[in-house]
Amino acid sequence: MNLMVYNTLKRKKEPFEPINEGQVGIYVCGITAYDRCHIGHARSAVVFDVIVRFLRKIGYRVTFVRNFTDIDDKIINRANEEGISTKELAEREIDHFYQDMDALGVLRADIEPRATEHIADIIALIERLIKKGFAYESGGDVYFSVRKFPRYGMLSGRNLEELMAGARIVPGEKKADPLDFALWKSAKPGEPSWESPWGLGRPGWHIECSAMSMKYLGETFDIHGGGLDLAFPHHENEIAQSEAATGKQFVRYWVHNGFVTIKGEKMSKSLGNFITIKDILSQYHPEALRLFLLSKHYRSPLDYSPESLREATSALDRCYKAVYEANEVASMAIKKQRPLPEHVKETVAFIKTLSEKVEMAMADDFNTAKALGSFFEAVRSLNRVVESARKKPSALYKDVMDECVKELFSVSKIFGILSQTPEEYIAKRNMDALSASGLSLDELETLLSERNEARRQKDWKRADEIRDSLSKKGIILKDTPSGTKWSADL
RNA sequence: GGCGGCGUAGCCAAGUGGCUAAGGCGACGGUCUGCAAAACCGUUAUUCCCCGGUUCGAAUCCGGGCGCCGCCUCCA
């Protein structure tokens with residue numbers, strides 16, 4: 001398979017060739033643990049989750065590293081506001097992160113290093129930079145000399161003159177040059193700090209990612225990911241620090257996901273226009289959120305609206321219902337071995353090409369939107385087969401259904417959807433609807449039997465009255481040959 | 001101001017030189033049904049922001065407009 005990956009460094013798609021055949025090392029910048037995660041964090045997490053799932057699916061042995069920044073200005077400020085320690089705050093927010101990610105079905109990374117547990121590695125890297133003349137100590141701080149690294153700006157497409165124009169000299173900083181950035185910050189009174197050759201202090205934000213990524217993946221590794229907003233200055237600084245220290249290329253492929261916007265504007269903490277993952281999940285199924293996040297190419301902006309989540313929910317419902325119906329057909333006790341019609345055989349053959357199509361789409365710079373298109377085509381095809389099976393039953397449908405469902409599940413694992421059985425999914429949706437309706441199961445069943453009695457007597461007025469009143473409460477009735485079924489207003 | 005991206009149906013969204021412009025949501029008509037619902041079938045972009053150009057051929061390449069967004073400061 002020819003995997004093509006858009007590399008921010010080259011500004012184009014290029015063939016993916018890992019350093020070691022069959023193996024991929026990938027590092028993704030995780031969160032700064034000081035607050036609840038919002039949909040933007042969910043996008044980054046889900047995008048790289050799917051990338052990792054896909055790489056594994058096509059046979060790569062992947063080492064996935066995602067860090068936690070657990071010491072930083074924002075953490076210190078927030079901890080002070082709340083009157084708790086930075087450690088307590090970080091622990092709490094990391095717990096929240098795991099709650100959100102577990103709910104979203106985002107797999108754990110293989111290694112999840114924290115900055116505060118890698119102080120020695122960070123100090124060693126800074127010392128290496130000082131020794132090579134790329135960094136200098138100044139009043140307890142250590143800074144990186146940007147001008148000593150001529151390739152600075154290679155990732156973000158900037159040059160030093162442009163950067164100088166925008167650079168500000170902040171009073172109180174001890175930099176020799178406004179372009180320089182901090183590797184180590186001396187401790188202010190009351191701040192958490194660690195011993196270092198330059199006195200008590202703490203690491204700057206950028207250096208931790210260089211130290212931790214190289215520790216676990218080597219001095220040159222395959223993929224480094226993160227949100228597009230990290231490209232400058234964070235990733236630019238990582239390149240400078242790492243390559244200055246090692247003299248080697250740091251990362252081969254830089255992969256950046258686009259933002260989640262809301263009413264066309266970037267969702268961010270600073271604008272205050274964010275919606276937390278927790279809030280979304282209190283209203284929508286986690287897989288609906290995944291579907292929404294994967295509905296557009298990962299590099300493009302993605303606009304959030306409640307409507308978009310409702311659409312994703314409808315689409316997800318359709319997938320689960322299709323599998324549910326297929327399972328039901330497969331479990332029907334049919335003796336007759338009526339041969340399957342030609343068009344059914346063709347449709348089944350079509351469904352079986354799904355994996356291949358999805359893998360092709362994903363191999364083209366992880367085109368989840370295209371891949372999902374194929375997935376939905378297969379869902380419709382499956383429904384078509386179910387329709388045929390219901391019209392002219394045959395025992396031969398059982399194996400066919402099982403094969404089709406297996407194909408769908410195999411692909412849905414890449415997206416991280418359909419992780420529940422359709423029975424679980426539908427039961428949960430129904431129970432949610434029931435509790436929202438304010439009725440007990442007994443009350444509902446009483447109404448249903450009353451309606452069935454009315455229908456038996458062809459009292460359509462009464463029957464429709466009951467159906468309408470339930471519909472207003474979010475419960476939909478379906479009169480099927482095997483009796484009346486109720487379900488959530490899916 | 002510098003750098004980068006985007007503009008495809010009612011909405012969301014693939015497609016970057018040539019098969020009928022994927023797919024989702026919605027809407028409408030049909031099959032089914034007592035009527036519905038679900039599902040299926042059909043319809044919903046002769047055309048891809050506008051104007052020029054290149055080409056046998058362009059949504060796709062080039063030039064020029066218009067509009068929107070992001071980065072340049074912490075941000076996934």
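The existence of a salt bridge linking Glu325(A) and Arg390(A) is confirmed by a sub-4.0 Å separation between a basic side-chain nitrogen and an acidic carboxylate oxygen. A salt bridge links Lys398(A) with Asp402(A); the closest basic N to acidic carboxylate O contact falls under 4.0 Å. In this structure, Asp464(A) pairs ionically with Arg467(A), as a charged nitrogen and a carboxylate oxygen lie closer than 4.0 Å. Ion pair Arg36(A)/Asp279(A) not flagged as a salt bridge, since none of the NZ, NE, NH1 or NH2 atoms sits closer than 4.0 Å to an Asp/Glu carboxylate oxygen. Checked for salt-bridge contact, Glu387(A) and Arg384(A) miss the test: no charged N lies under 4.0 Å from a carboxylate O.
In the set A76(B), A14(B), G24(B), the nucleotide with an atom closest to the side chain of Asn367(A) is A14(B). When distances are taken from the side chain of Asn257(A) to each of A76(B), C25(B), G34(B), the shortest belongs to A76(B). The nucleotide whose nearest atom lies closest to any side-chain atom of Lys370(A) is, among A37(B), A14(B), C74(B), A14(B).
For Phe259(A) and C74(B), the CZ to P distance is 14 Å, given to the nearest whole Å. The distance from atom CZ of Phe376(A) to atom P of C25(B) is 7 Å, rounded to the nearest whole Å.
The separation of A59(B) from C51(B), taken at their C1' atoms, amounts to 16 Å, rounded to a whole angstrom. If you take atom C1' in C40(B) and the same atom in C32(B), they sit 9 Å apart, rounded to whole Å. Across G63(B) and G70(B), the matching C1' atoms stand 25 Å from one another, rounded to whole Å. Annotation: A37(B) and C28(B) have their P atoms spaced 10 Å apart (nearest Å). For the P atoms, the distance from G24(B) to C68(B) is 33 Å, rounded to whole Å. Comparing the same atom, C1', in C71(B) and in C48(B) gives a spacing of 29 Å after rounding to whole Å.
Take Tyr320(A) and apply the ring-ring contact (aromatic ring centres under 6.0 Å, His included) test, not counting sequence neighbours, and it matches Tyr425(A). Residues that satisfy the salt bridge (Lys or Arg N to Asp or Glu O under 4.0 Å) test with Arg462(A), not counting sequence neighbours, are Glu450(A), Glu465(A). Considering only residues two or more places apart in sequence or on other chains, Arg43(A) meets the salt bridge (Lys or Arg N to Asp or Glu O under 4.0 Å) condition with none of them. Not counting sequence neighbours, Lys478(A) has no partner by the salt bridge (Lys or Arg N to Asp or Glu O under 4.0 Å) test. Residues meeting the ring-ring contact (aromatic ring centres under 6.0 Å, His included) test with Phe274(A), sequence neighbours left out: His38(A).
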Within the sub-3.5 Å range, which N or O atoms of nucleotides 39-41 of chain B have a protein N or O partner, and how far apart are they?
unit_1	atom_1	unit_2	atom_2	d
A39(B)	O3'	Asn383(A)	ND2	3.2
A39(B)	O2'	Glu387(A)	OE1	3.3
C40(B)	OP1	Asn383(A)	ND2	2.9
C41(B)	OP1	Arg384(A)	NE	2.3
C41(B)	OP1	Arg384(A)	NH2	2.7

Atom pairs under 3.5 Å, N or O on each side, protein against nucleotides 8-11 of chain B: can you list them with distances?
none

I'd like a list of close polar pairs between nucleotides 2-6 of chain B and the protein, N/O only, cut-off under 3.5 Å.
unit_1	atom_1	unit_2	atom_2	d
G2(B)	O2'	Glu162(A)	OE2	2.9
G2(B)	N2	Arg158(A)	NH1	3.4

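A distance-only check finds a donor-acceptor pair linking the side chain of Asn7(A) to the backbone of Trp254(A) [under 3.5 Å]. Ser381(A) places a side-chain N or O within donor-acceptor distance of the main-chain N or O of Glu377(A), the cut-off being under 3.5 Å.
Here Asp479(A) lies in heavy-atom contact (under 4.0 Å) with a base. Here Ser308(A) lies out of heavy-atom contact (under 4.0 Å) with every strand. Residue Lys478(A) is classed as a base contact, given a heavy-atom separation below 4.0 Å to a base. Nucleic acid contact class of Lys266(A) (heavy atoms, under 4.0 Å, all strands): base. Counting non-hydrogen atoms under 4.0 angstrom, Ala369(A) reaches a base of the nucleic acid. No contact: Arg78(A) has no heavy atom under 4.0 Å from any strand.
For the 3.5 Å distance criterion, the side chains of Glu238(A) and Ser210(A) fail to qualify, holding no donor opposite an acceptor. Using a 3.5 Å distance cut-off with no hydrogens or angles, the side chains of Asn430(A) and Ser487(A) do not pair a donor with an acceptor. The closest side-chain donor-acceptor pair between Thr32(A) and Asp72(A), if any, does not fall under 3.5 angstrom.
Pairs of residues two or more places apart, or lying in two chains, that qualify as side-chain hydrogen bond (donor to acceptor under 3.5 Å, both in side chains) and include a residue from residues 261-271 of chain A are Asp229(A)-Lys266(A), Thr261(A)-Asp303(A), Ser268(A)-Ser270(A).
With both pairing distances under 3.5 Å, G17(B) is matched to nothing as a Watson-Crick or G-U wobble pair. Across every strand in view, G1(B) sits in a pair with C72(B) that passes the Watson-Crick or G-U test at under 3.5 angstrom. Base pairing of A39(B): its partner is U31(B), meeting the Watson-Crick or G-U wobble criterion (both donor-acceptor distances under 3.5 Å). Under the Watson-Crick and G-U wobble criteria, each requiring two contacts below 3.5 Å, nucleotide A59(B) is left unpaired. Base pairing of U44(B) is made with G26(B), judged by Watson-Crick or G-U wobble geometry with both donor-acceptor distances under 3.5 Å. Figure legend. G67(B) is base-paired to C6(B); pairs are counted as Watson-Crick or G-U wobble with both atom distances under 3.5 Å.
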request  = Please assess Tyr284(A) against Phe292(A) for the test ring pair (Phe, Tyr, Trp, His ring centres under 6.0 Å), listing each intermediate value before the final yes or no.
outcome  = CA-CA 11 Å; Tyr284(A) 303 98; Phe292(A) 164 67; 9.6 Å; no
Stepwise side chain to side chain donor-acceptor pair (under 3.5 Å) test for Asn367(A) and Tyr298(A) = CA-CA 8 Å; Asn367(A) 194 334; Tyr298(A) 74 87; over 6 Å; no
key: Verdict with supporting geometry, His343(A) and Glu346(A), side chain to side chain donor-acceptor pair (under 3.5 Å)   = CA-CA 5 Å; His343(A) 71 270; Glu346(A) 281 165 22; over 6 Å; no
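For residues 222-232 of chain A, proximity to RNA chain B is found at Gly226(A), Gly227(A), Asp229(A), Leu230(A), Phe232(A), defined as any non-hydrogen atom under 4.0 angstrom from a strand atom. A heavy atom lying under 4.0 Å from RNA chain B marks none of the residues of residues 342-356 of chain A. The stretch residues 37-51 of chain A comes close to RNA chain B through His38(A), Gly40(A), His41(A), Ser44(A), each having a heavy atom under 4.0 Å from the strand.
Of the options Thr276(A), Ile275(A), Ile262(A), a side-chain contact (heavy atoms from CB on, under 4.5 Å) to Ile39(A) is made by Ile275(A) and by none of the others.
Ring to ring, His206(A) and Phe181(A) are close: their centroids are under 6.0 angstrom apart.
Positionally, the nearest nucleotide of RNA chain B for Lys13(A) lies more toward the 5' end than for the other of Lys13(A) and Leu271(A).
Under the stacking criterion of a centre-to-centre distance below 5.5 angstrom and an interplanar angle below 30°, Trp460(A) sits stacked against the six-membered ring of G34(B).
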